[in-house]
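Only a predicted model underlies this, so the values are computations on that prediction, with no experimental measurement involved. Counting starts at 1 for both ligands and their atoms, following the listed order. One-based numbering along the sequence shown.
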Amino acid sequence: MRNLTEKNLTATALERISECGDPRLKEVTTALIRHLHDFAREVRLTPDEWNVAIKFLTEVGHITDDKRQEFILLSDTLGLSALVDLIANEGKSAASTDSSLLGPFYVDGVREMPLGTDIAGETAGERVIVRGIVSSINRKPLAGALIDVWQAAPNGLYDVQDPNQPEKNLRGKFRTDAEGKFNFRSVKPASYPIPFDGPVGKMLRALGRHPYRPAHVHFMISAPHHRTLTTALYIDGDKYLDSDAVFGSRQSLVAGYRSSSEGGSAIDALEFDFILDAEAS
Ligand code: BEZ
Ligand code: FE
């Protein structure tokens, strides 16, 4: 019988999966075992510390249900979701708009609305027009592109978190016109904390981190023969732009308000042109 030591245990664990018939599962698990073992060796992990970690992961599981996904928050706050997103987009054209995290508050099935609709309904807050053009990387405007948008209210809560907001508040679906243009009205978004009343919030506090995301509006844009773009616009000047708790903000996605007027009254506009990459062939 082989005597297991700190030095040979990793190789022994890897040998155990040598018969795995799924090459990708084998590749991923091999790297995971190697990195986990190297991590434990590097920090000289103690049994007490490992028990704390197990208890933490158990709490993450216990608070998770179909409304609250603490594992996503954990992945987001460790930067893993943003990294996976960057890797997924590494082959895309440099000319296309950068992607940004989907986040846990996307809701499928919002109805399509006429261009110009105010998605904020009765929500109190300063009104803004959001407008722009969707085009392909050769700058051809894309007529009929579908734009799904969602954002938090000025109180920092999404409809699904706030019993005082109607269902589907601050969500909309629009189609670009013949010139690839879209526009809708909303309220100015505010920076907000990700849910921090659970184990991930405890972790952030222990690490001396804040839970805030800079003010943003989410977009998911799709058009035939183009890669669907999941992204967000971040508001220029927000104090959390450089310390987004989930590492989603990008310089290329920062947009500022511009004074505008509509029907003779002044209103700020948030303008951004989105460029969709061609579908991967
Ligand atoms: C969001 O922007 O909606 C979000 C992203 C990651 C974690 C929590 C919220
Ligand atoms: Fe968000």
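- Remark: the D48 side chain and the T46 side chain contain no N/O donor-acceptor pair separated by less than 3.5 Å.
- A donor and an acceptor atom, one from each side chain of S93 and D277, are nowhere located under 3.5 Å apart.
- Listed as neighbours of ligand 1 are L73, D76, G103, P104, F105, Y158, Y192, I194, R213, H216, H218, V246, each bearing a heavy atom under 4.0 Å from the ligand.
- Donor-acceptor pairing under 3.5 Å is lacking for the side chains of R171 and Y158.
- One finds a salt bridge joining D38 and R41 here, because a Lys/Arg side-chain nitrogen approaches an Asp/Glu carboxylate oxygen to under 4.0 Å.
- The pair K173-E112 does not meet the salt-bridge criterion, since no charged nitrogen lies less than 4.0 angstrom from a carboxylate oxygen.
- Here the angle at the Fe ion (ligand 2) defined by NE2 in H216 and OH in Y192 stands at 100°, rounded to 10 degrees.
- Between R127 and E262 there is no salt bridge, since no side-chain N of the basic residue sits under 4.0 Å from a carboxylate O of the acidic one.
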